[in-house]
Trainee: 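One structure follows; several queries about it will come next.
All ligand and atom numbering here is 1-based and tracks the order in the structure. Note that the coordinates shown come from a computational prediction; the quantities given were computed from them, not determined experimentally.
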Amino acid sequence: MQIRPLGSGHSADSLLVLLREEDCKNLTPFDGELAGILSVLISRRDFTGKKDSLLRVPMVEGCLYVVGLGKTEKCSLSVIREALVQGLRKIGTSRGKIADVIVSHLAEYDGLSFVLGEAGGLCGYSFDSYKTKGKDYEPFSLTEIYSDVYGDEVSAGMKFADAQVFSRETANEPGCSVCPATMAEKAQALAEEYGLACDIWDEKRLSAERMGALLAVGSGSKNPPRLIHLTYKPEGTPSKKVAIVGKGITFDSGGLNIKPDNFMLTMKGDKTGACNVLGIMKGIAELKPGVEVHGFMTCAENMPSGSAFRPDDIITARNGKTIEINNTDAEGRLVLADALSVASELEPDVIIDMATLTGACVVALGKYRAGLFANDDGLAGKILASSSREGEPLWRMPLDDEHIAESMKSPFADLVNSGNRYGGAIYAALFLKEFVADGIKWAHLDIAGVDFCDKEYGVYAKGATSFGVRTCLDYLMKC
Ligand code: BES
Ligand code: MN
Ligand code: ZN
């Protein structure tokens, strides 16, 4: 996608205008011709600026698209971002190639150029690489955007979007095409392209490194597990050292505690945390902030078989803690446990993990808001601020529940891997906490549910959303 400042010398086939309800009552900011057309549309009551309303008006030359932003007091950059994506997506799926975008009446919203860049980068993505491209196939056609607000931040916004799209491309791939070794190949390729360091532990190395929890989860699959470590180092002294850890279960069948049919569908998406790490590392390599970033992808396929780990097994994790397995479907916390230990050994200032961890989190918060757990209020505040800037809603959940912590004790080992079904997201977070070294600020994002959508909404296309990539990038850019 090319985004340029609006000027003369090009001929657009589409015109996109975003209007708040109040803008519909005062058209003076718009030029004569446009104000004329808009006032006709508004007087015919076709359009009142209601949020999410979209009007498409064919004109002599090209097509006018108007998207409503709703009431002024509720309008924000997040609302504008979603409206831009909605409008641009509609243009690109209706054969529009070149769009003029009118947003200068919204210049009071600081960061408009950045959001325009994000919208330009996000609007065209859909997962269609497996569709046979027959004669009815209409590819997304929009390639050029000309905007009447244009600043330097457009390019940073596009990089945020590209990072999220890059994560989605892998997250959407089915289990038959992506296994842990594929994840490692993708990380290696990214590292080569951008000059990042990349260290990959295969099953032999994992066993030499005593990664008992990750190995147990991977033991039922013919596709062996991998721990992938990507490193970005800034020029000069880093402002901070941050580790990002992503759950990379390339398919979660549940293992011997096999999932019932409906629950197994979409479990190709159980690698989204790791895909997000891949996307974040790409974004960081392009944006080059002053912070040192370590990306860990902890990858395994959770399958039932004669070699699978079993309920009742007792395993020893990297940090020496023993874990009694009472449910092989609570595998995410196991692969994360070992990765959090390795990340802790680097003594970073901050660890953030992202994981499609619990169905309980989806029950608690729904499919449009992720759970945030943090052992530090300052860190939680920063991540919440990033999430609200990026329009990826989070809700802070408790980490101080002593009753649930008590239920983690096993009669035969140090811990059991799953507990009562009530408070399941909290249990999982408390379990992870056992593997984060003391003194490290840590946040855990439970992105189960938000990782995948059956129909498009907001800036997300059908399928993997890669929710969390932009929030994390925003956080890292401000470290
Ligand atoms: N990957 C699932 C969680 C999940 C559920 C992700 C729905 C996305 C959408 C995870 O590994 C899992 O199976 N969790 C179990 C834990 C339970 C056995 C303690 C769950 O939530 O049911
Ligand atoms: Mn599971
Ligand atoms: Zn899982």
Trainee: Aromatic ring centroids of Y427 and Y422 under 6.0 Å?
Mentor: no
Trainee: Does R168 use its side chain to pair, donor to acceptor, with the backbone of T465 at less than 3.5 Å?
Mentor: yes
Trainee: So, of the N/O/S atoms that E331 has, which is the nearest one to the Mn ion (ligand 2)?
Mentor: OE1
Trainee: Between E331 and ligand 1, does any nitrogen or oxygen pair lie at a separation below 3.5 Å?
Mentor: yes
Trainee: How close does the nearest protein non-hydrogen atom get to atom 12 (C) of ligand 1, and which residue and atom is it?
Mentor: D329 O, 3.3 Å
Trainee: I need the atoms of ligand 1 closer than 4.0 Å to a non-hydrogen atom of S418, numbered in the order shown.
Mentor: 19 (C)
Trainee: Does the shortest distance from the Mn ion (ligand 2) to an N/O/S atom of D329 fall below 2.8 Å?
Mentor: yes
Trainee: Specify side chain, backbone, both or neither for K259, according to which of its non-hydrogen atoms lie closer than 4.0 Å to ligand 1.
Mentor: side chain
Trainee: Could you check whether K282 makes a cation-pi contact with F166, meaning its NZ or CZ is under 6.0 Å from the centre of the six-membered ring and within 45° of the ring axis?
Mentor: yes
Trainee: In E331, which N, O or S atom comes closest to the Zn ion (ligand 3)?
Mentor: OE2
Trainee: Flag the pair K241 and E347 as a salt bridge only when some basic side-chain nitrogen lies within less than 4.0 angstrom of an acidic carboxylate oxygen.
Mentor: no
Trainee: D270 to ligand 1: N or O pair under 3.5 Å?
Mentor: yes
Trainee: Pairs of nitrogen or oxygen atoms closer than 3.5 Å, one from R333 and one from ligand 1: do any exist?
Mentor: no
Trainee: For the Zn ion (ligand 3), find the closest N/O/S atom belonging to D252 and write down its atom name.
Mentor: OD2
Trainee: Rounded to the nearest 0.5 Å, what separates atom NZ in K478 from atom CG in L476?
Mentor: 10.5 Å
Trainee: How many angstroms lie between atom CG of L214 and atom CD of E203, to the nearest 0.5 angstrom?
Mentor: 10.5 Å
Trainee: Taking distance alone, with no angle check, do D252 and ligand 1 share an N/O pair under 3.5 Å?
Mentor: yes
Trainee: Any nitrogen or oxygen of G359, side chain or backbone, less than 3.5 Å from one on ligand 1?
Mentor: yes
Trainee: Could you identify the N, O or S atom of D270 positioned closest to the Zn ion (ligand 3)?
Mentor: OD2
Trainee: Restricting to N, O or S, what is the name of the atom of D252 that lies nearest the Mn ion (ligand 2)?
Mentor: OD2
Trainee: What atoms in ligand 1 come closer than 4.0 Å to a heavy atom of M267?
Mentor: 1 (N), 4 (C), 5 (C), 6 (C), 7 (C), 8 (C), 9 (C)
Trainee: Is D329 close enough to the Zn ion (ligand 3) that one of its N, O or S atoms comes in under 2.8 Å?
Mentor: no
Trainee: Before accepting this row, confirm whether a basic side-chain N of the pair R369/E392 lies closer than 4.0 Å to the acidic partner's carboxylate O.
Mentor: no
Trainee: Is the Zn ion (ligand 3) less than 2.8 Å from an N/O/S atom of L357, whether that atom is in the backbone or a side chain?
Mentor: no
Trainee: Assess the pair Y194 and Y232: is the distance between their ring centroids shorter than 6.0 Å?
Mentor: no
Trainee: Is a donor from one side chain sitting under 3.5 angstrom from an acceptor on the other, for N172 and Y130?
Mentor: no
Trainee: Report yes or no: is the cationic atom of K133 (NZ for Lys, CZ for Arg) closer than 6.0 Å to the six-membered ring centre of Y137, at no more than 45° off its axis?
Mentor: yes
Trainee: With a 4.0 Å cut-off on heavy atoms, is K247 in contact with ligand 1?
Mentor: yes
Trainee: What atoms of ligand 1 come closer than 4.0 angstrom to any heavy atom of N327?
Mentor: 18 (C)
Trainee: Answer with yes or no whether the side chains of D329 and N257 bring together a donor and an acceptor at under 3.5 Å.
Mentor: no
Trainee: List the closest protein heavy-atom neighbour of atom 14 (N) of ligand 1: residue, atom name, distance to the nearest 0.1 Å.
Mentor: L357 O, 3.5 Å
Trainee: Does the pair K240/E292 count as a salt bridge with the N-to-O cut at 4.0 Å?
Mentor: no
